[in-house]
Protein chains: 2
Amino acid sequence: MKPALMTQKISDAILTMRKSERKVAEFVLAHPADIIHMRIVDLAKRAEVSEPTVVRFCRAIGCEGFQDFKLNLAQQLAASPSFGQIAVTDEDTVADYSHKVFDSTVDTLLKVRDSLNPEIMDRAVNALCNANRVEFFGFGASGAVAADAQHKFFRLQLATAAYSDHHIQHMSAMSMKPGDVVVAISQSGRTEALINAIEVVRSVGGIVIAIAPSGSPVIQKASIPIEVNVEEDIEIYTPLSSRIAHLVVIDVLAIGVAKHKGPKLHDHLFRLKQGLRKLRVNNER
Amino acid sequence: MKPALMTQKISDAILTMRKSERKVAEFVLAHPADIIHMRIVDLAKRAEVSEPTVVRFCRAIGCEGFQDFKLNLAQQLAASPSFGQIAVTDEDTVADYSHKVFDSTVDTLLKVRDSLNPEIMDRAVNALCNANRVEFFGFGASGAVAADAQHKFFRLQLATAAYSDHHIQHMSAMSMKPGDVVVAISQSGRTEALINAIEVVRSVGGIVIAIAPSGSPVIQKASIPIEVNVEEDIEIYTPLSSRIAHLVVIDVLAIGVAKHKGPKLHDHLFRLKQGLRKLRVNNER
DNA sequence: AGATTTTTGTAGTTTTCCTACATACAGCGA
DNA sequence: TCGCTGTATGTAGGAAAACTACAAAAATCT
């Protein structure tokens, strides 16, 4: 049903292929974007094989035929822009690099989406729903993420706070009650101060939901580890997409909590919105 | 070259179409996902027109023919998942709604990407590069965005600050010098306090870059208006994607500034990273 | 080296898409 | 209202693309 990862499939299947089919596979992997505007004869010629071989290749990777293959490939190309060049170069115009920044962000989000573990997310939502208190800890860029999260969960009628200060985190952590939740957010997963705070929270019986890269200390020490891996080419010209991935993960948690809380939340949010209008000019809408 | 927004194009062109072509257009907009697996005859039959009409329709919206149209549509479908249902329902499992949240975010980003005006972005980048001081103003959720922006630009060796407090904004605004820049961020574009602050900044000769919805007062009062329109179905179960769009727009600006500043920035960022390592456990990498 | 199996290409068939043309419809002036 | 002109739509036929059956070539095994 879904386009899935065509190129992945090809790479996998390439080993079990016959020589001439492999030629096709290699050509496709080398010039994925060109294929879309090719006919079967063009591809056959450029891969130096015959037409039926191309058809057999399409079947070999699970497509109906050449048309179907082209369509699926087109979808994959559109879905993950990472096949275009994503790194920003010095010659790029504004339009170029603005496209690239958006595309790489989208690419990151799609990857994170597919790597999330639903079971872990479910546990996180449950923990958040049952907590009396929910706090968000993060430093640096993750501090802003924590602030955003606090703002979001605050609207869901939860007692929340966000701290970017080590000492305050520490003090707050010590006063946690069993069942209370801290969401620890980190891009590196190695920030020492954050790890300390996590240990304190757990020692007093609090639950720690971590949003950090796989295998990092923050993930290892957490009760509910949400692993988010973003290859940070920390090249200067590459934007940090991980913050954004973290924000969206938190959005998912927020939606989960909202679902659990059910309709009584509607009224609350409605009243909130009414109140906000007074702070705006032009009270229509 | 690019897939662009097919459905958008169709909606636009539908007015200038003849009756029977319009039938096709309406069917396509109603069942976009089905088209991909249809042949020209199928579509003709279901739209109750003849085959050549379908071909004419394809030409009318700028495609080579039916094949080309199908391909472009497939790309758009893969790229913007919004054509699947995006609203979260009560029956959704964790996996379901987590997918939806990511997809709707991606969808928002792609729309914003295609609607950005490069010329305006260029002006914004130039203003930022020439400023002695750059400040970010925002309230509520946009406050977190401002904080994130501050963190980001701070790394680019600019004198920056982010304020979410009306009084402090006001005071800071009054001390602006000509050429200094304030980036005003707002989801509604109507927050009264923010509009006041903008007026003050402009009265002392400061430049205001606004990130807000088209036509809103914030945009109208700005020197450099970056229009970002996100349909906020402010349904409870729909996440607010506009924050994220704003963040990415700011990423673009940051990349632009980094490009202008050129290589001397490399050293600075490198030293910053070195320094951060000391705050982490496991100093490898 | 010969026989068998596997792999690849040739030639032909079918399907799909597109174009030329004819008919039907709508708008306008008398 | 009628006829004329121009546009809009469908019919039928032709071109091209994709797919299939079969035969030749290569590789493998005995």
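Computed from a predicted model, the values in this text were never measured in an experiment. In what follows, chains are A, B, ... by sequence order, proteins preceding strands, each numbered from 1.
Two residues are said to be in side-chain contact when any heavy atoms from C-beta on lie closer than 4.5 Å; B/Arg243 and A/Asp251 meet this criterion. Considering only heavy atoms from C-beta on, B/Thr53 comes within 4.5 Å of B/Arg56 through its side chain.
Along DNA chain C, read 5' to 3', the first and last nucleotides having any atom under 4.0 Å from a heavy atom of chain B are C/dT16 to C/dT19.
In this structure, A/Gln220 places its CD atom where more than 12 heavy-atom neighbours from other residues, nucleotides or ligands lie under 6.0 Å away.
Atom P of nucleotide D/dT9 and atom CZ of B/Arg56 are separated by 8 Å, given to the nearest angstrom. When the C1' atom of D/dA18 is taken as reference, atom CG of A/Leu71 falls 15 Å away, rounded to whole Å. Nucleotide D/dA17 holds its P atom 14 Å from the CE atom of A/Met38, rounded to whole Å. Rounded to an integer number of Å, the gap from CD of A/Glu64 to P of D/dT20 is 10 Å. A/His37 has its NE2 atom 16 Å from the P atom of D/dA17, to the nearest Å. Rounded to whole Å, atom C1' of D/dC19 lies 15 Å from atom CZ of A/Arg39. One atom, CZ of B/Arg18, and another, P of D/dT7, lie 10 Å apart when rounded to the nearest Å. Between B/Ile40 atom CD1 and D/dG10 atom P the separation is 13 Å, expressed in whole Å.
Nucleic acid contact class of B/Arg59 (heavy atoms, under 4.0 Å, all strands): sugar-phosphate only.
With sequence neighbours excluded, no residue forms a ring-ring contact (aromatic ring centres under 6.0 Å, His included) with B/Phe102.
Under the 3.5 Å distance criterion, with hydrogens and angles disregarded, a donor-acceptor pair is assigned to the side chains of B/Asp96 and B/Thr93.
We find that A/Asp103 and A/Lys100 are not joined by a salt bridge, their nearest charged nitrogen and carboxylate oxygen being 4.0 Å or further apart.
Exactly one of B/Ser115, B/Ser216, B/Ser214 qualifies for a side chain to side chain donor-acceptor pair (under 3.5 Å) with B/Glu227. That residue is B/Ser214.
Each of B/Lys19 and A/Glu51 has a nearest nucleotide on DNA chain C; the 5'-most of these lies closest to A/Glu51.
For B/Pro52, whose side chain is taken as the heavy atoms from C-beta onward, the closest listed nucleotide among D/dA18, D/dT11, D/dA8 is D/dT11.
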